[in-house]
**Student:** 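Dumping the structure here so I can ask a few things about it.
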Amino acid sequence: MREIKFPEGFIWGSATSSYQIEGAWNEDGKGESVWDAICHTTSFIHDGDTGDIACDHYHRYKEDVQLMKEMNLQAYRFSVSWPRIFPTGKGKINLKGVEFYDNLINELIANDIEPFVTLYHWDLPLEFNKIGAWESREVVDAFVDYARFMFDKFGDRVKKWITFNEPLVFVVWFNFLGLYGKKDIAAGMRATHLVNVAHAKTIEAYRDSDNSDGLIGTTLNLNSVYPKTDSLLDKEGTTIVDGIMNRWYLDPVFKGEYPSDTLALLERIFNFPSIPDEDLQLLKDNPLDFLGINNYSCTRVNLKKPIKNQTDFNEILLPSKPEKGVEVSDVGWEVYPDGLYDLLKRVDRDYEHPLIYITENGMACKDENIVDKVVQDDDRLSYLQRYFEAASRAINEGVNLKGYFVWSLMDNFEWVEGYSKRFGIIRVEYETQERMWKKSSLWYRDVIAKNGFDFQS
Ligand code: BG6
């Protein structure tokens, strides 16, 4: 047994996102988002589930904040539903939507819980699908206007802002799956650049706002990438996949440039257009204050042949499938805490020692065993212990990691998995909306109280 201590001031939190928990999809003047449409009109989602009601957090936010308080949470990362504020994405403001977030933020602050606000966690106003979603500069400008409104309205109380959650997922993977109505990866890759432009313009707008005394960053889903074998193909493939999955997102927000090897690959395969100098300058002029990292697993590369065309490219784009016998979560993701350690060290080394928050990490588990209304989620607890230990090792070696947000505060609508997968540290009984503790949340409460824990290696 070894005592693990975190530095003073380390922030312990938990995270959610609007569409996954709020419900109230058409209440009080909220406009439709692309996710309302995906759930209502396609067959992508497990069992035809929707986020119409989800965890009913829109009506139960006070109760949920009390649970956070009982868990000793110091910070809460949530996202704002853009169409709840601007029902059609721009123009007319929905005051009832503004009021909801006003109340939530005040409730958090009254309970000493710091709000970390994500401006975009995938619920794009549906109107914008008609004009090409993130392939349109009109959407970029509308996003910046929405962000500006948020800074003016809430910036006096919110001091941590996150522009986007996981561009790789919402532009490329959703596009790949055809969730946004088409399967055009080249368009998806091009759209990643416009998301970066929106990110930079939003940072600029924040610095120009009257409430610019906080910190602003972005959240990327990043994985350590390893070759599966010693073959040259796997080693070269590792650099390629690292370029596509990690550096393609990290380099622009830190350096105002794209990795040249990835850019060359995209030019060869997709005829990728050249990127305007003024866009790169905009990125250079607007550096972020912190990086949010979402990490759950790692990627192992096993290439069958060199990447020559779009089909080869598509194959390496999706997450790798773990070998038989490897420890995995209920969504099939490999459990590999050293992947987080390697990732933190690498970001620290390659991007000049940035301020980092882990904005999501957690485990989907079956959660079948409930005793006296406490879910016996020993597998999740063990996962968190090992990932926290990996993070603490990186901190001890100098990485500037200042906080950790467990995904997720409560079981919720897990996108294409619907309600079939449970990531929460609080259980939600969807029929009754009852909330229930899990062993992991009770343990987490003590970790936060002690700012550390006893680790059995
Ligand atoms: C992250 C997202 O990718 O992983 C969350 O930011 C998501 O919104 C979480 O819920 C778990 O992933 P999934 O695909 O199993 O729902």
Side-chain angles (χ1 to χ4, degrees), residues 13-23 33-35 38-39 44-47 49-51 54-55 57 76-82 116-124 162-177 179 192 195 217-223 245-246 249 291-299 317-322 328-335 339-340 343 357-367 379-380 383-384 387 404-428 430 440:
S14 188
T16 62
S17 88
S18 47
Y19 188 74
Q20 294 181 273
I21 65 162
E22 284 179 4
S33 78
V34 288
W35 272 91
I38 290 168
C39 291
F44 282 117
I45 313 299
H46 175 90
D47 248 356
D49 290 342
T50 73
C55 306
H57 174 75
Y76 173 51
R77 172 180 177 236
F78 64 95
S79 77
V80 172
S81 160
W82 180 358
F116 274 55
V117 176
T118 308
L119 289 166
Y120 186 86
H121 198 128
W122 310 350
D123 38 2
L124 182 75
I162 293 166
T163 52
F164 289 99
N165 183 70
E166 304 187 346
L168 165 69
V169 176
F170 77 80
V171 205
V172 184
W173 284 353
F174 286 179
N175 196 309
F176 183 88
L177 294 169
L179 279 180
T192 57
V195 170
T218 192
T219 279
L220 303 177
N221 54 311
L222 303 171
N223 267 357
M245 307 276 205
N246 295 326
Y249 300 90
L291 175 70
I293 293 182
N294 291 357
N295 175 260
Y296 294 86
S297 185
C298 67
T299 301
L317 202 57
L318 288 173
S320 54
K321 291 225 166 44
V328 293
S329 72
D330 194 34
V331 285
W333 297 344
E334 178 175 347
V335 175
L340 175 63
L343 178 68
Y357 294 102
I358 293 172
T359 40
E360 283 181 31
N361 167 259
M363 188 187 191
C365 299
K366 292 228 179 301
D367 288 353
D379 32 10
R380 182 177 291 108
Y383 174 100
L384 290 175
Y387 271 81
Y404 206 117
F405 292 76
V406 174
W407 183 270
S408 176
L409 175 69
M410 55 188 137
D411 296 334
N412 61 45
F413 174 82
E414 284 295 339
W415 309 112
V416 289
E417 317 274 11
Y419 297 100
S420 66
K421 301 296 172 194
R422 292 183 179 270
F423 266 95
I425 46 176
I426 289 176
R427 182 179 176 90
V428 176
Y430 296 108
S440 58

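If you're wondering where the values come from, they're calculated on a predicted model, not measured in any experiment. One is the number of the first residue; the rest follow in order along the sequence. Ligands are counted one by one from 1 in listed order, and the atoms in each one are counted from 1 as well.
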**Student:** Evaluate Asn221 against Trp173 for side chain to side chain contact (heavy atoms under 4.5 Å, CB included), listing each step before the verdict.
**Tutor:** CA-CA 12 Å; Asn221 54 311; Trp173 284 353; 4.3 Å; yes
**Student:** For atom 10 (O) of ligand 1, what's the nearest protein heavy atom and its distance?
**Tutor:**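 Nearest protein contact, heavy atoms only, for atom 10 (O) of ligand 1 is Glu414 OE1, 2.5 Å.
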**Student:** What part of Asn165, side chain from CB on, backbone N/CA/C/O, both or neither, has a heavy atom under 4.0 Å from ligand 1?
**Tutor:** side chain
**Student:** Using a strict 4.0 Å cut-off to heavy atoms of Trp122, name the atoms of ligand 1 that fall inside it.
**Tutor:** 2 (C)
**Student:** So for Phe413, does at least one of its heavy atoms come nearer than 4.0 angstrom to any atom of ligand 1?
**Tutor:** no
**Student:** Pick from Thr219, Thr218, Ile162, Thr163: which one makes a side chain to side chain contact (heavy atoms under 4.5 Å, CB included) with Thr118?
**Tutor:** Ile162
**Student:** Report the nearest protein non-hydrogen atom to atom 15 (O) of ligand 1: residue, atom name, distance rounded to 0.1 Å.
**Tutor:** Phe423 CE1, 3.5 Å
**Student:** Between Asn246 and Asn223, is there a side-chain donor-acceptor contact under 3.5 Å, judged purely by atom types and distance?
**Tutor:**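 On atom types as modelled, these side chains do not qualify, holding no pair under 3.5 Å.
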**Student:** Indicate, as side chain, backbone, both or neither, the part of Asn294 found under 4.0 angstrom from ligand 1 when only non-hydrogen atoms are considered.
**Tutor:** side chain
**Student:** Among all protein heavy atoms, pick the one closest to atom 1 (C) of ligand 1 and tell me residue, atom and distance.
**Tutor:**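 Looking only at protein heavy atoms, the one closest to atom 1 (C) of ligand 1 is Glu360 OE1, 3.1 Å.
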**Student:** For Lys366 and Asp379: C-alpha separation, side-chain torsions, deciding distance, then whether salt bridge (charged side-chain N to carboxylate O under 4.0 Å, His left out) applies.
**Tutor:** CA-CA 9 Å; Lys366 292 228 179 301; Asp379 32 10; over 6 Å; no
**Student:** Return the residue, atom name and 0.1 Å-rounded distance of the protein heavy atom closest to atom 9 (C) of ligand 1.
**Tutor:** Tyr296 OH, 3.5 Å
**Student:** Give the residue and atom name of whichever protein heavy atom lies nearest to atom 3 (O) of ligand 1, and the separation in Å to one decimal.
**Tutor:**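 Protein heavy atom with the smallest distance to atom 3 (O) of ligand 1: Glu166 OE1, 2.7 Å.
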**Student:** Mind checking whether Lys421 contacts ligand 1 via backbone (N, CA, C, O), side chain (CB onward), both or neither, at a 4.0 Å heavy-atom cut-off?
**Tutor:**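 No part of Lys421 is near ligand 1 at this cut-off.
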**Student:** Show the numbers, then the answer: is there a ring pair (Phe, Tyr, Trp, His ring centres under 6.0 Å) between Trp35 and Phe174?
**Tutor:** CA-CA 11 Å; Trp35 272 91; Phe174 286 179; 5.5 Å; yes
**Student:** Evaluate ring pair (Phe, Tyr, Trp, His ring centres under 6.0 Å) for Phe423 paired with Tyr296, printing each intermediate quantity in order.
**Tutor:** CA-CA 11 Å; Phe423 266 95; Tyr296 294 86; 5.7 Å; yes
**Student:** Would you mind telling me if ligand 1 is within reach of the side chain of Trp333, the backbone, both or neither, using heavy atoms under 4.0 Å?
**Tutor:** side chain
**Student:** So Leu409 and Tyr76, do their side chains get closer than 4.5 Å, heavy atoms only?
**Tutor:** yes
